[in-house]
Amino acid sequence: MSLDTITSSIDDAVSGFFEPIATWLGEIVFYSVPVAGTQLPLIVAWLVVAGLIFSGWFGLVQIRKFRLAIDVVRGKYDEKGSAGEVNHFQALTAAVSGTVGLGNIAGVAVAVSIGGPGATFWMILCGLLGMATKFVEVTLGVKYREVHADGSVSGGPMHYLPKGLAERFGARGKTLGKVLAVLASAMILFFGLFGGNLFQVNQSYAQLVSVTGGESGMMGSSAGALFFGILIAAIVGIVLLGGIRSIASVTSKLVPAMAGIYIVACIVVILVNVSAVPSAISTIIEGAFNPEGVAGGVLGALIIGFKRAAFSNEAGLGSAPIAHSAVKTKHPASEGLVALLEPFIDTVVICTMTALTIVIANPASWGEARKGESIGGVTITSDAFGTVLPWFPYILTIAVMLFAISTVLTWGYYCMKAWTHLFGRSKASELTFKVMYTLFAVAGSLLTLQTLIDMADAVLFMLAVINIIGLYLLAPVVKRELNSFLAYVRRRDAGLDTEADEDEDQEPVKTTV
């Protein structure tokens, strides 16, 4: 029996068993209501409303403190002797690597096809709102993290939900928090294995096959798929063994590289068509308020834009605080400010660059998609670049590979923290997880398991419901932390001695064995 036959049988068996479950779960999580002739997924509304509320609650912190966030990333307010494993820049790139991926390339193309160019405007707005949500959840992630005896750090919703709720609401809050922590860990683990690992490897392999001769090319065979899977698994396994320090070291180089390659390519297309830029911007703004696109209507463009942004930057899902919690700082809000840059980079910059490139280049495939003839993803983006850079599919392949590897690495770290919360931090437990995770990377090039990937998406967005309820309840804690850090910044800027004040401002971080 050939390898292709075996993998096809596995795919069919898995799909047959899990498809009813995935369909049922998807209908619940992504339940939509008809609004003005289009469908509004309630989970998207839930995420956007959270962004609106937190933007108001913290006085548009994403705008007022944007410059301060840049200064923190640059190390201007670093504190000596801070617990943690990585600096602010490394924590940011590690988290960004988990959100920047194929959604920024293919997902945006789908958004401007279904919602029209105007979807870009609403995508940017949603990204700006998501910055406030990200600030809140990451501040809590650092506030309630655990620093272990070996210096490693654990954080995320599985820590701030039980600790924060217990602190605010006593025994009942503690019990509820523990239940939510287990659910959060299980959801993160499930999504990471299938969406953050298997899917990323599968799609990067598909792109590689497409530029090496297709199914009949050098990488189109089962042997080529197996070789690719083993190669990615080896890279992931080696980096995972080094923990967050190793992951941050790699992603701090990969993220700027992959974003740089992609953005430079966008700029080339834009510069070649520079005379079309004003018209493209005008088209985007007008399209935001005029009926255009397959979805039709202003609300259609708004919903598609919000949906793309919400799915892309993961603000409110509770994943990013896991990476940010490893930062070296004594003030949780300092990393919260750093984290608000994440949706800006992911959605406001990279997604917008993709949309602008497509609108300016106006490839034939995009025109067909807007008529509803066929909705492509990465093909539209590739065609847009191809109008100026005929060889771009090869560059796109490199970018996709970098996106995929960095995403797999970051979700490997997220999953390991979820795994150890559920099964303990022993060496045997961690080794078991790392072996399992690398095997999933190998399977990614051989299997599709699309039903499980769809199910993983639903599970991750279920986490958003739990997480954001916790964020609302713990928002006063974030307010205190922000005020504490801003007071520290004022003292630091005034040249006053801040060392004596830090112990008074900060509660000790819990250390566990």
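What you are looking at is a predicted structure, and each value in this text was computed from that prediction instead of being measured.
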Output field: ring centroids Phe135/Phe54 closer than 6.0 Å = no

Does a donor on one side chain and an acceptor on the other come within less than 3.5 Å for Thr451 and Glu19?
-> no

Backbone of Ala69 reached by a side-chain donor or acceptor of Arg74 within 3.5 Å = no

Separation between CE (Met455) and CG (Leu460), nearest 0.5 Å, reads 13.5 Å

Contacts of type side chain to side chain contact (heavy atoms under 4.5 Å, CB included), residue Ile238, not counting sequence neighbours | none

Check: Phe89 main-chain N/O paired with Thr93 side-chain donor or acceptor under 3.5 Å = yes

Do side-chain atoms of Ser204 reach the backbone of Val201 as a donor and acceptor pair under 3.5 angstrom?
-> yes

Hey, does Leu317 have a side-chain heavy atom less than 4.5 Å from the side chain of Leu47?
-> yes

Would Ile358 and Thr381 count as a side-chain contact (heavy atoms from CB on, under 4.5 Å) if you check the C-alpha gap in whole Å, the side-chain angles of each, and the deciding distance to 0.1 Å?
-> CA-CA 6 Å; Ile358 293 171; Thr381 306; 3.9 Å; yes

Kindly check if the number of other-residue, nucleotide or ligand heavy atoms within 6.0 Å of CZ (Arg67) is above 12?
-> no

Could you tell me which residues satisfy ring pair (Phe, Tyr, Trp, His ring centres under 6.0 Å) with Tyr414, sequence neighbours excluded, listed by chain and number?
-> Trp411

Applying ring pair (Phe, Tyr, Trp, His ring centres under 6.0 Å) to Phe385 and not counting sequence neighbours gives Tyr262, Phe392

Min side-chain heavy-atom separation Ile188-Met158 under 4.5 Å = yes

Separation of Met353 CE from Ile270 CD1 (nearest 0.5 Å) | 4.5 Å

Donor-acceptor under 3.5 Å (Thr347 side chain, Phe344 main chain) = no

Distance-only side-chain donor-acceptor flag, Glu137 / His324, under 3.5 Å | no

Starting at CG of Leu42, measure out to CZ of Phe461 and round the result to the nearest 0.5 Å.
-> 13.5 Å

Within a reach of under 6.0 Å around OH of Tyr472, are more than 12 heavy atoms found that belong to other residues, nucleotides or ligands?
-> yes

Check whether any side-chain N or O of Tyr160 sits under 3.5 Å from a backbone N or O of Leu140 as a donor-acceptor pair, and report yes or no.
-> no

Rounded distance (nearest 0.5 Å) linking atom CD1 of Ile70 with atom CZ of Phe66 | 4.5 Å

Is the closest side-chain heavy-atom distance between Leu356 and Thr120 below 4.5 Å?
-> no

To the nearest 0.5 Å, atom CG of Leu337 lies from atom CZ of Arg64 at 10.0 Å

Where the side chain of Gln90 meets the backbone of Asn87, is there a donor-acceptor pair that is under 3.5 Å apart?
-> yes

Set of ring pair (Phe, Tyr, Trp, His ring centres under 6.0 Å) partners for Phe190, sequence neighbours left out = Phe194

Is a side-chain N or O of Asn197 found less than 3.5 angstrom from the main chain of Val408, in a donor-acceptor match?
-> no

Taking C-beta and beyond as the side chain, do Val73 and Leu92 meet within less than 4.5 Å on heavy atoms?
-> yes

Sorted by chain and number, sequence neighbours left out, ring pair (Phe, Tyr, Trp, His ring centres under 6.0 Å) with Tyr31 holds for none

Within-4.5 Å side-chain heavy-atom neighbours: Ile285 and Ile281 = yes

Got a sec, which pairs hit side chain to side chain donor-acceptor pair (under 3.5 Å) with one end in residues 41-58, sequence neighbours left out?
-> Ser55-Gln62

Distance (rounded to the nearest 0.5 Å) between Ile263 CD1 and Ile350 CD1 = 5.0 Å

